[in-house]
Novice: 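Please find one structure pasted underneath; my questions will follow.
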Amino acid sequence: NDSPIFRPMKIAADFSNLRNRGFIDEKVKNLISEVLVPRAAAYLSGILKVKGPTHLSVSEEHCGGDIVIPPQFRDTAFETDLFLFVDGFNEAGSSYLAFASSCQLNSYNNRPNVGIINFNAAGVSLALKEVDNMISATLHEMIHVVGFDSQLFPSFPLGIDQLYEAERATDGTVRAYLKSPGLVAHARTHFNCSSLTRVPLENEGGASSATSHFEKLVLGNELMTAQLSAASVVSPFTMQLLADSGWYTVEFGKAESLGWGQGRGCDFAQGSVADSAEVCRVMDQAACTVDRMGMSICGLSVFSDGFMVRSFFKDGLCTTSNFFNSSISYLPTGWTSTGGNSRCFELEDSESARPGCFPTFCDVKGVVTLTLNATNYTCTSSNQVIFAGPFRMQCPDPLKICADRPKCPGECSGNGKCLSDGTCSCDFLFKGPACNIHRVCDDPVICERMAIDRVTSASLMGMALIGLFLLLAN
């Protein structure tokens, strides 16, 4: 049935190929099939709506090159909008998690409706502290399947001429850009550049990275850059591209804030970043990230066009509850504290500036209160200097600090992300409106079995299918 009305996207997945891989540990298979794929699919189905056929048939025998579609799935109608076939391999010595692609478009509007995700078992960690990053990486791959792939751009109903352009630089390299209306409108606001006409795509990393990701240097820790961050976010940039495709309506209220490049102007938006705060010059120097959500390390990236940039690192996030007790500190014991209301500031002594995470509060008058070494200090203006023990600190602009505060319950208790609609997206081990309810378990698969939320293991269309789930959006 072809429905002209947009509806929440249904996602189904089959894990039988993965289950048949004898060289992959059963715990890894369970983590992929019961946690990573269902969690990422739950998010995607919650933000995307589709129209057109309510059923699909898989006509291909292979997907993504050498991945065989199990015979029981071919030429049978399934009530779903996207079918994912999940497989696995083992590339020892490599840390990347997966790759993905679409392999079938529907006949209604050319929307991708069948795809593969192939997981590298060597890149899968069974540690609870790594689960959220791996869910983000799985979501990254799913977004490639549903649209963010240069191979799919010519199929966008918007039309390739309205979406994409490429030009050859004087050094002979090709630079590609996206120019769809919604994406450009958001970019103009984000970068504060009213004349902006396009957003650059990645130009480094070979065929698997170039032109199918946003430029890392320009969009930093956006989820759909080619190198994931310890604090990757699904920002309106990714959502606008999917909306501009013409295949989806998107729930923008579930977007996350992106601080990288915000307000930096037109030059930055096109890759001229040399004088920006995102770029640094001293290798391994620690400092605050530009959005003050954590500490950063100065270093080179394979996708930073030769610039050294300030990058989040996992144990340097200020806004985490530090449940795993792995936070790094550059200041004496007791001076810093992480949590949902903590932000990064730099204290100076006679030798250097040291970043740290400090509880930070705004009152109704826009006065900022910071807690340094268990003592409260107030900032009323950006030219004020605080003296605390052997350190001094230049106050941040209170108006900016307070304007940028998230509006979520309890700032998600340091256990989740604050979304644009004021709700929390909780980390894997936490739940509740403020992400303050801890799920106690020792194994991520056990955690998911305890929760039994939104994902139903089932047979589909009367067939007993090994490792299949059908996900229905709430």
Side-chain angles (χ1 to χ4, degrees), residues 220-221 230-231 257 259-265 268 273-299 307-322 325-406 411 414:
N221 58 310
S257 175
W260 189 281
Q262 189 170 23
R264 297 293 187 212
F268 186 99
V273 303
D275 298 322
S276 71
E278 285 79 358
V279 170
C280 48
R281 292 171 176 80
V282 181
M283 181 70 77
D284 295 330
Q285 182 184 59
C288 293
T289 60
V290 293
D291 59 5
R292 299 193 180 277
M293 302 299 276
M295 296 178 283
S296 68
I297 290 291
C298 181
F307 289 97
M308 288 194 293
V309 294
R310 300 193 183 282
S311 299
F312 281 96
F313 59 98
K314 185 172 179 58
D315 294 332
L317 299 180
C318 289
T319 54
T320 177
S321 65
N322 197 21
N325 297 313
S326 57
S327 180
I328 289 176
S329 179
Y330 296 94
L331 291 162
T333 301
W335 274 76
T336 64
S337 178
T338 62
N341 55 24
S342 288
R343 297 294 182 270
C344 186
F345 300 97
E346 292 167 14
L347 303 187
E348 298 178 21
D349 60 14
S350 58
E351 298 179 356
S352 63
R354 307 186 196 181
C357 301
F358 307 102
T360 308
F361 303 91
C362 290
D363 68 14
V364 294
K365 297 180 180 179
V367 174
V368 173
T369 300
L370 301 97
T371 304
L372 313 179
N373 195 24
T375 302
N376 290 337
Y377 297 84
T378 58
C379 285
T380 57
S381 68
S382 59
N383 58 6
Q384 180 182 347
V385 177
I386 290 173
F387 293 92
F391 302 105
R392 67 187 297 275
M393 189 193 86
Q394 181 86 32
C395 277
D397 182 350
L399 294 178
K400 178 169 176 54
I401 291 292
C402 295
D404 289 344
R405 301 296 289 191
E411 300 197 46

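We're numbering straight along the sequence, starting at 1.
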Novice: Is the backbone of S382 close enough, under 3.5 Å, to the side chain of Q394 for a donor and an acceptor to pair up by distance?
Specialist: yes
Novice: Name the residue from R354, R392, M393 that meets the side chain to side chain contact (heavy atoms under 4.5 Å, CB included) definition with E348.
Specialist: R392
Novice: Check whether any side-chain heavy atom of V368 sits under 4.5 Å from a side-chain heavy atom of C402, and report yes or no.
Specialist: yes
Novice: Going by heavy atoms in the side chains, are R264 and V290 under 4.5 Å from each other?
Specialist: yes
Novice: Regarding N373 and T375, is there a side-chain donor-to-acceptor distance under 3.5 Å anywhere?
Specialist: no
Novice: List for me each residue that meets side-chain contact (heavy atoms from CB on, under 4.5 Å) alongside S337, sequence neighbours excluded, and say none if there are none.
Specialist: P359
Novice: CD1/I401 to CZ/R292 distance, rounded to the nearest 0.5 angstrom?
Specialist: 5.0 Å
Novice: In terms of SG positions, are C344 and C357 separated by less than 2.5 Å?
Specialist: no
Novice: Do you know which two heavy atoms are closest between A230 and L317, and how far apart they sit?
Specialist: O-CD1, 3.7 Å
Novice: So how far is it from N376 CG to L370 CG, rounded to the nearest 0.5 Å?
Specialist: 8.5 Å
Novice: Counting C-beta onward and ignoring hydrogens, is there a side-chain heavy-atom pair between C395 and I386 closer than 4.5 Å?
Specialist: yes
Novice: For C298 and M308, work out which heavy atoms get closest and say how close.
Specialist: SG-CB, 3.8 Å
Novice: Please check this pair: side chain of E278 against backbone of W260, looking for a donor-acceptor N/O pair closer than 3.5 Å.
Specialist: no
Novice: Just wondering, do F312 and D291 contact through their side chains at under 4.5 Å, heavy atoms?
Specialist: yes
Novice: Test your reading of the model: is there a side-chain donor-acceptor pair from S296 to the backbone of A287, 3.5 Å cut-off?
Specialist: yes
Novice: So which heavy atom on S342 is nearest to which on C318, and how close?
Specialist: CB-O, 3.6 Å
Novice: Are any of the side-chain heavy atoms of W335 and Y330 separated by less than 4.5 Å?
Specialist: no
Novice: Determine the minimum heavy-atom distance between A388 and L372, stating which atoms define it.
Specialist: CB-CD1, 4.0 Å
Novice: Report the distance from atom CZ of F345 to atom CG of L331, rounding to the nearest 0.5 Å.
Specialist: 13.0 Å
Novice: Just jot down the side-chain contact (heavy atoms from CB on, under 4.5 Å) partners of V282, sequence neighbours excluded, or say none.
Specialist: Q285
Novice: To the nearest 0.5 Å, how far apart are OG1 in T289 and CZ in F313?
Specialist: 10.0 Å
Novice: Starting at CE of M295, measure out to CG of D315 and round the result to the nearest 0.5 Å.
Specialist: 8.5 Å
Novice: To the nearest 0.5 Å, what is the distance between OG1 (T319) and CD (E411)?
Specialist: 9.5 Å
Novice: Grab the two heavy atoms, one from C288 and one from E346, that are nearest each other, plus how far apart they are.
Specialist: N-OE2, 2.9 Å
Novice: For the backbone of F361 and the side chain of T369, can you confirm whether one donor and one acceptor N or O come within less than 3.5 Å of each other?
Specialist: no
Novice: Judged by atom type as modelled, is there a donor-acceptor pair below 3.5 Å linking the side chain of D349 to the main-chain atoms of P390?
Specialist: no
Novice: Which pair of non-hydrogen atoms, one from G366 and one from P398, has the smallest distance, and what is that distance?
Specialist: O-CB, 3.2 Å
